Amino acid sequence: MLLNDEGLRYEDLLNENEHEVEEALSFASKDVLTGRTRRLKRAIDLGYKRKNLQDYAPNMVLEPFKAEIYDDIIKIRERDQEFALLNAHRN
C-alpha cells in the first residue's frame with residue numbers, strides 16, 4: 001500500500017493509542033483532526049472498493065510526508081525522557 005494510492009499521510013498511520021501520539025493529537029487544531037479523520041475514512045472506503053484515490057481525483061496534489069503533529073510528538077518524548085532521567089534517583 002502506497003500512501004498516495006489511499007490519499008494518506010505518514011502521520012495518519014501512527015497509532016493514536018500511544019501516549020505521545022494521543023497527547024499530540026489533543027494539542028492539535030480542529031482542522032488537523034478533521035483532516036486526519038477524513039483521510040482515514042476515505043482510505044477505508046477506497047480499500048473496500050479496491051480503488052485508488054487517483055481514479056477519483058487524478059489532479060489532487062498529495063503531501064504524504066507533511067508533518068503537522070510530528071514535532072509535538074518529538075517534544076513530548078523528549079519531555080518524558082527528561083522527566084524519567086530527573087526522577088531516576090527515586091527508584
Side-chain angles (χ1 to χ4, degrees):
M1 174 180 102
L2 299 173
L3 294 174
N4 284 342
D5 289 347
E6 305 293 330
L8 290 171
R9 293 185 180 161
Y10 173 75
E11 288 184 343
D12 296 336
L13 302 179
L14 297 175
N15 184 354
E16 59 189 44
N17 293 326
E18 290 184 21
H19 166 69
E20 298 90 357
V21 177
E22 182 181 7
E23 189 173 345
L25 287 172
S26 71
F27 293 136
S29 70
K30 184 178 179 184
D31 293 336
V32 171
L33 296 176
T34 302
R36 176 184 168 99
T37 302
R38 288 181 180 172
R39 286 189 300 272
L40 289 170
K41 287 181 179 181
R42 179 178 59 207
I44 291 168
D45 184 56
L46 290 171
Y48 177 75
K49 295 177 181 176
R50 297 181 187 220
K51 298 282 186 177
N52 290 332
L53 180 62
Q54 298 302 316
D55 295 339
Y56 295 102
N59 298 326
M60 181 182 269
V61 177
L62 302 173
E63 300 173 296
F65 295 107
K66 181 178 179 182
E68 293 179 326
I69 63 168
Y70 196 70
D71 292 335
D72 292 335
I73 292 171
I74 297 298
K75 289 177 186 176
I76 291 167
R77 283 184 183 157
E78 289 174 350
R79 181 202 65 201
D80 291 347
Q81 288 174 352
E82 181 180 359
F83 184 76
L85 288 173
L86 290 172
N87 292 312
H89 70 283
R90 293 183 180 180
N91 293 336

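Side chains are part of it too, since the values below use all heavy atoms of this structure and drop only hydrogens, waters and symmetry mates. Source: prediction; values computed, not measured.
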[X] to [Y] - nearest heavy-atom pair and separation:
X	Y	answer
R36	L14	NH2-O, 3.3 Å
A24	D72	CB-CB, 4.0 Å
L53	N4	CB-O, 4.1 Å

Using 0.5 Å steps for rounding, measure from the [atom1] atom of [X] to the [atom2] atom of [Y].
X	Y	atom1	atom2	result
D12	T37	CG	OG1	9.0 Å
Y56	R42	OH	CZ	12.0 Å
I73	H19	CD1	NE2	11.0 Å
N87	E82	CG	CD	10.0 Å
E23	D80	CD	CG	6.5 Å
F83	L86	CZ	CG	8.0 Å

Quick check: is F65 connected to V21 through a chain of hydrophobic side chains (ILVMFWY, heavy atoms under 4.5 Å apart)? yes

Establish whether Y10 and I76 are linked, either directly or via other cluster members, by ILVMFWY side-chain heavy-atom contacts under 4.5 Å. no

Quick one: list whatever passes side chain to side chain contact (heavy atoms under 4.5 Å, CB included) with T34, sequence neighbours left out. K30, R38

Any residue meeting side chain to side chain contact (heavy atoms under 4.5 Å, CB included) with N15, in chain and number order, not counting sequence neighbours: N17, E18

Taking NZ, NE, NH1 and NH2 as the nitrogens, is one of them in R9 or E68 under 4.0 Å from a carboxylate oxygen of the other? yes

Go through the steps for I69 and L25 under the test side chain to side chain contact (heavy atoms under 4.5 Å, CB included), then give the verdict. CA-CA 7 Å; I69 63 168; L25 287 172; 3.7 Å; yes

Could you tell me whether the side chain of L8 reaches within less than 4.5 Å of the side chain of L40, counting heavy atoms only? yes

Are E78 and I74 packed together at the side-chain level, in the sense that at least one heavy-atom pair is separated by less than 4.5 angstrom? yes

Exceeds 12 heavy-atom contacts within 6.0 angstrom, atom CD of E16: no

Would R39 and L3 count as a side chain to side chain contact (heavy atoms under 4.5 Å, CB included) here? Give the steps. CA-CA 11 Å; R39 286 189 300 272; L3 294 174; over 6 Å; no

